[in-house]
Amino acid sequence: MNKKAKKIAVVKSKQKPKVKPRVKFSKPKVKSKDINYDHLKIENKWQKKWAASKIYNSKEDTKKEKCYVLDMFPYPSGEGLHVGHPKGYIATDIFSRFNRMNGKSILHPIGFDAFGLPAENYAIKTKTNPEIAVKKNVARYKKQLEILGLDYDWSREVNTTDAKYYKWTQWIFLQMLKKGLAYESFEPVNWCPTDKTVLANEDVENGRCERCGTPVEKKLMKQWVLKITDYADRLLKDLDALETKEFSNKIGSDAFRKDAPVNERYVVHCLVKHWSENKFLCMRWKKNDWRGYVVGGIEHGETPIETALREVREETGYKNVVVKKVVGNMVAQFYQEVKKENRRAHVTTIYLELTNGEQIDIPQHEKDIQDMEWVPYENVRDFVNREDLKYEWDLFTGAAKQKPLLDWPESIKESQRNWIGRSEGAEIDFRLNFPKKLDDNMHSVKVFTTRPDTIFGATYMVLAPEHPLVQVVMENIENRNEVQEYIAGAKLETEIERTDVKKEKSGVELKGIKAINPANNEEIPVWISDYVLADYGTGAVMAVPAHDTRDAEFAKKYNLPIREIELENRDDMIHKYGRSIVKYKLRDWVFSRQRYWGEPIPVIHCEKCGVVPVPEKDLPLVLPRVKSYEPTGNGESPLAAITKWVNVKCPKCKGKARRETNTMPQWAGSSWYYLRYMDPKNSKQLADAMKEKYWSPVDLYVGGAEHATRHLIYARFWHKFLFDIGVVSGTEPFKKLQHVGLIMGEDGRKMSKRFGNVVNPDDIVNTFGADTLRIYEMFMGPFDQQIAWSTDSIVGARRFIEKLWKLVAKVTYAVVTETGEIDSVATFGLNEGEGEGGAARAEADTVRGGTISTVSANHINKILHKTIKKVTEDIELLHFNTAISALMIAVNEIEKIGSVTRSQYEILLKLLAPFAPHVTEELWYAVGNKKSIHIADWPKFDPSLIVENEVNIAVQVNGKIRGSFKAAADLSKEELEMIAKKLPEVVKWIQDKNITKVIVVPNRLVNIVVL
RNA sequence: GCCCGGGUGGCGAAAUUGGUAUACGCGCAAGACUUAAAAUUUUGUUGCCGUAAGGCAGUGUGGGUUCGAUUCCCACCCCGGGCACCA
């Protein structure tokens, strides 16, 4: 895939691009000789050993849970990788290594996407055959990737330009053809005059070719098109779909009721106060869901207050309840809790009080599902949020709370929603009326509107200049010349000019033509204007200047009537005058390119039979070698010049026929490659069904955000199609998606040869080591955030690894004699062979009275177990920067203590192994292990070890920190308050003052409020 | 214009059931080691006032809720991204 970033931008507003002319690689400040850490030797050694031992090869092991980790495969350009590229690969590497150590069966493959314009243009520029250029570039990329120590299963490598691979790309196309999803269209398409090919809508950016920036032209051409619009609705809906989950609980309750309120606007939350004490009623649904309030649905005709009273009586049995107010200051805390549940919720929160405790019996079915408890005001929050009582049901819909089907960043989902651009509206026919009727036909014009409720305000109609009807009625137009001139003028404009919002609107009235508004039978003028687009909706609009800014602008300019009206009922209007219809902005995918370097479209044009697919047995249809692969510009690809290849017999009638000479777009091969990794060598099908079922879907997919509206939409489309024809088992290919934040140049601009700010990863690996590079890139900041590279800051990562390296000398172990007795306690050395010998080693911490004190050992244990927890959680969330920070803290602490047992050190190594695979492997063997650390078990933390027995208590006076003290954990509130009040630095602030209130948060703070 | 995301030291950034803001790293300053430098190491490092003890201010701005707000609410400013004469 092409690694193009869309915009050049700096990370932060405040930070102006610091233009440093010198961005070349600078010499490092580290010296590794002194401590014997030779990263080149170590990294090289382990990379070879891992390749030989095949520990990273994937297997469909049904006994294990699977984990499919995927990178967006690279598009090997001529320039090689820069340090920004590996960021995503390092992240998936960490994630897959982590999951492997957690006992999962891993698929972490890689391949190359190499068909398409970039490779072809590069080949033309360098005058090499694209096939050869691609081979060379792939080899270079592979080498660059290999030295990073990534755990790819290279035996599953795919390449989209390999005939064995694109056989299946062509096969999928044929299946689409069979289902009518691939068709030839003859319509205006985007044409790039520089690249001399048509483009899909997705390849056009602000009216320009996404590759070369040339403004695209509209050209009428016959093209292969894929009917992605048939899938528009599913592509949109599944973005918000929920994971299907079995849910059997049928017990009736508002929470589960089918007719429960589905719209949060019709829900009330009732806060119910005790009749004599400052306590609130907390409800417990027996499905472990605590609420601090009663939730009820407003039924038809009720006011929220009535609902509140009814719900509280029904659900709690307390009869004598009165409404105090609707969200007042007094209950602001509760209100905030409610809002937190759902930021979009606009619930009415009602505060009620009981006048007495009189209670009637509630029905058994209510008792079955819920309990009640009176909870003191200040404890309600803790009570509701108790960790062990996470709630599983959606508050508003009553459905089981489910995870979304797609765990994707909201921004990418939103991009796709925008791109698909669904809008619901109506098609309404306006009859046309013109005096000089040439025939009796009363023509009519279909308009598309999302506001049928404004139909009475339609005071004129506007057609796109290209609207076919204009030509039909041309003879009846009085100002024919003027109209034709306008149409000709509009044609000359580029898309960019035409769709410029700032441009003043222009248009011409079709004099002599009138339209009739079906709502009031009024005759209204008909105009043409280029602000109406031919290819959206119906190419015609009813103009309602009172309710549409564009129409208003136009009406003002041409003095057309603007009529304020009362809005009608939308559905009634649609019903009376038109039909409801859904339109999408998404266009069908223009699928042919007039270029050489792509998959040949496997179709034959027969004079008699028309379009005939190449028989499946003849696949792959291999891309033939060609003398000149320069684009022709005449709408044919260079393949058309190979008459021998082009002229074939029709597979059906054996008559004269020609091959299709257009090729597929760059995005074809990448639309399904993740499936091929599952079974890369299968010659019978694109992937074996069992294997597909085992590995699907991709558990984590990492790549650039710029693919949001292309690759990621195309792949979802193809996947859904393959699902429909039974080739794949699920409806979505990528379960979790994460986008990588770009690494910018040191000057804050995008890394590019053009700016001379490219940093080559090979240089970094050479001087600092792959492990250092990996740690640095993961430590830079949040993974999805764009950050500028800084060679100066790498030393931090390097120093950290060196600290770990030096720490091995402080690992203690017991030397055991042949009879099993402890001879002495020793440490490991940094040099090979040091510390070894005839004597066996044993854990130092088993030694009675050994060198490491119990206190220190316990202290290290506490640190380590906290670190295990933090690192484990952080890797799962892809919070690599904070995971590394936790590891640094652990190393610093252990270094300070100065001694560590072997088992403790090994935990540390394991935690770091996914991040720095080489150095940890080296040290792992150095302390006496015989099997790779990368297949060792991930450490588990012991919660009891994490518990602090001494805590720091902050003391505030009127909310300001005035002091602190250490105290045993879980000291009572009273004791804490007493100690706090006696602290000299606190006494100073509270003496001579009236203490009005003391707030004590156990294990945290004491706040003394004085007057 | 509509829709997402974000704004914290000199810099990259931590911190979410509302509870000691600035963890970790870079840089910088001072000390140790060294003939010297590098490397290493120790200490310090939000700003202002103060020799210090300490005080005041402080998480884009202005309000609000609260004993307590980076965190919740309201309004606004700025930055980044997506869509855009889409009817």
Side-chain angles (χ1 to χ4, degrees), chain A residues 6-7 9-15 29-35 206 329 332-333 335-337 339-340 381-382 384-387 409-419 421 423 425 447-451 462 498-503 505 529-533 535-538 540-544 548-551 553-554 583-585 705-706 708-709 776 779-782 784-788 790 792-797 799-800 802 881-882 884-889 892 952-961 963-964 985 996-999 1001 1003-1010:
Chain A
K6 287 217 167 164
K7 297 270 151 61
V10 254
V11 185
K12 275 194 183 173
S13 54
K14 297 193 282 187
Q15 188 189 331
K29 290 178 186 167
V30 286
K31 240 191 200 173
S32 49
K33 266 187 212 152
D34 301 348
I35 60 157
N206 301 321
N329 293 345
Q333 278 192 7
Y335 176 68
Q336 285 169 14
E337 291 300 324
K339 290 287 276 189
K340 233 185 290 171
R381 223 174 338 160
D382 302 336
V384 172
N385 291 315
R386 276 167 56 184
E387 273 241 348
E410 190 49 40
S411 61
I412 290 190
K413 284 189 181 180
E414 194 59 25
S415 298
Q416 293 208 348
R417 278 184 210 114
N418 283 338
W419 190 259
S423 58
V447 302
F448 175 66
T449 179
T450 54
R451 297 291 309 273
V462 192
R498 184 165 166 178
T499 55
D500 185 359
V501 192
K502 285 176 220 115
K503 195 184 80 168
K505 292 194 173 27
S529 169
D530 61 5
Y531 85 85
V532 174
L533 306 175
D535 60 356
Y536 183 77
T538 58
V541 300
M542 61 173 209
V544 186
D548 184 286
T549 50
R550 296 154 307 182
D551 294 343
E553 207 184 303
F554 193 77
K583 291 277 178 193
Y584 296 93
K585 203 183 73 72
E706 70 273 16
T709 54
Y776 171 65
F779 185 63
M780 285 173 91
D784 56 355
Q785 193 178 296
Q786 171 181 307
I787 298 173
S790 162
D792 289 341
S793 302
I794 300 180
V795 287
R799 283 178 195 148
F800 169 56
E802 287 180 1
N881 55 333
T882 46
I884 293 170
S885 151
L887 286 162
M888 285 173 168
I889 293 169
N892 290 346
N952 207 11
I953 307 287
V955 185
Q956 300 180 333
V957 178
N958 285 351
K960 285 194 175 166
I961 302 289
S964 70
E985 62 267 38
T996 54
K997 201 174 184 181
V998 179
I999 286 117
V1001 182
N1003 292 335
R1004 285 207 187 262
L1005 62 72
V1006 179
N1007 188 6
I1008 303 165
V1009 186
V1010 296

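In the text below, chain A, chain B and the rest are named by the order of the sequence lines, each starting its count at 1. This structure is a prediction, so every number in the text was calculated from the model and none was measured.
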Colleague: Output all residues satisfying side chain to side chain donor-acceptor pair (under 3.5 Å) with A:Asn958, sequence neighbours left out; order by chain, then residue number.
Modeller: none
Colleague: Mark yes or no for a side-chain to base donor-acceptor pair under 3.5 Å between A:Lys413 and B:rC4, with no hydrogen or angle criteria applied.
Modeller: no
Colleague: Relative to the 5' end of RNA chain B, which residue comes earlier, A:Lys585 or A:Ala540, by the nucleotide with the nearest heavy atom?
Modeller: A:Lys585
Colleague: If you measure from the P atom in B:rG54 to the same atom in B:rG81, how many Å do you get, rounded?
Modeller: 48 Å
Colleague: Identify, with sequence neighbours excluded, every residue that meets salt bridge (charged side-chain N to carboxylate O under 4.0 Å, His left out) alongside A:Glu553.
Modeller: A:Lys505
Colleague: Checking contacts here: which listed nucleotide (B:rA13, B:rA87, B:rC67) is nearest the side-chain heavy atoms of A:Gln785?
Modeller: B:rA13
Colleague: Which value, in whole Å, describes the distance between the P atoms of nucleotides B:rU66 and B:rA15?
Modeller: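 Result for the P pair: 29 Å, nearest Å.
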Colleague: Check for a donor-acceptor pair, side chain of A:Gln416 on one end and backbone N or O of A:Thr709 on the other, with a separation under 3.5 Å.
Modeller: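 Such a contact is absent between A:Gln416 side chain and A:Thr709 backbone.
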Colleague: Is there a side-chain contact between A:Tyr536 and the phosphate of B:rA87, meaning an N or O under 4.0 Å from OP1 or OP2?
Modeller: yes
Colleague: Please identify each residue that fulfils salt bridge (charged side-chain N to carboxylate O under 4.0 Å, His left out) with A:Asp530, with sequence neighbours left out.
Modeller: A:Lys503
Colleague: Please state the C1' separation for the pair B:rC48 and B:rG64 - nearest whole angstrom.
Modeller: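 B:rC48 and B:rG64 have their C1' atoms separated by 29 Å.
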Colleague: Measuring from the side chain of A:Ser423 (C-beta onward, heavy atoms only), which nucleotide among B:rA87, B:rC67, B:rA13 has the closest atom?
Modeller: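 Per side-chain heavy atoms of A:Ser423, the pick is B:rA87.
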Colleague: Polar pairs (N or O, both sides) under 3.5 Å between protein and nucleotides 57-60 of chain B?
Modeller:
unit_1 : atom_1 : unit_2   : atom_2 : d
B:rA57 : OP2    : A:Lys960 : NZ     : 3.1

Colleague: Take A:Met542 and A:Asn418, find for each the nucleotide of RNA chain B with the closest heavy atom, and name the residue whose nucleotide sits nearer the 5' end.
Modeller: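 Result: A:Asn418.
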Colleague: For nucleotides 20-25 of chain B, print each protein N/O atom paired with a nucleotide N/O atom at under 3.5 Å, atom names and distance only.
Modeller:
unit_1 : atom_1 : unit_2   : atom_2 : d
B:rU20 : N3     : A:Asn952 : ND2    : 3.4
B:rU20 : O4     : A:Asn952 : O      : 3.3
B:rU20 : O4     : A:Asn952 : ND2    : 2.6
B:rC24 : O4'    : A:Ser885 : OG     : 3.4
B:rG25 : OP1    : A:Asn892 : ND2    : 3.1

Colleague: Can you list the residues that meet the salt bridge (charged side-chain N to carboxylate O under 4.0 Å, His left out) rule with A:Arg451, with sequence neighbours excluded?
Modeller: A:Asp453
Colleague: Starting at atom CD of A:Glu802, determine the distance to atom C1' of B:rU41, rounded to an integer number of angstrom.
Modeller: 14 Å
Colleague: Would you call A:Glu802 and A:Arg799 a salt bridge, taking side-chain N to carboxylate O under 4.0 Å as the test?
Modeller: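 Between A:Arg799 and A:Glu802 there is no salt bridge, as every charged N stays at least 4.0 Å from the carboxylate O atoms.
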Colleague: State which residues pass side chain to side chain contact (heavy atoms under 4.5 Å, CB included) with A:Tyr776; sequence neighbours excluded, sorted by chain then number.
Modeller: A:Met780, A:Trp789, A:Ser790, A:Ser793, A:Ile794, A:Ala797
Colleague: Any idea if B:rG9 is syn or anti, going by the 90°-from-0 cut?
Modeller: syn
Colleague: Holding to side chain to side chain donor-acceptor pair (under 3.5 Å), I want the full list of residues that pass it with A:Asn892, two or more places apart in sequence or in another chain.
Modeller: A:Lys803
Colleague: Give RNA chain B the dot-bracket treatment, 5' to 3': Watson-Crick (N1-N3 with N6-O4 or O6-N4) or G-U (N1-O2, O6-N3) under 3.5 Å, [ ] crossing, | other strand.
Modeller: (((((((..(((......[....)))((((((.......))))))((((....))))..(((((..]....))))))))))))....
Colleague: Checking contacts here: which listed nucleotide (B:rA87, B:rA13, B:rG19) is nearest the side-chain heavy atoms of A:Pro782?
Modeller: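 Of the options given, the side chain of A:Pro782 lies nearest B:rA13.
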Colleague: Which residues pass the side chain to side chain contact (heavy atoms under 4.5 Å, CB included) test with A:Lys997, not counting sequence neighbours?
Modeller: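 Testing A:Lys997 for side chain to side chain contact (heavy atoms under 4.5 Å, CB included), a comparison that skips the adjacent residues, returns A:Ile999, A:Val1009.
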Colleague: Kindly write out the residues that satisfy side chain to side chain donor-acceptor pair (under 3.5 Å) with A:Ser423, not counting sequence neighbours, or none if the list is empty.
Modeller: A:Tyr536
Colleague: Restricting to side chain to side chain donor-acceptor pair (under 3.5 Å), what partner residues turn up for A:Asn418, sequence neighbours left out?
Modeller: none
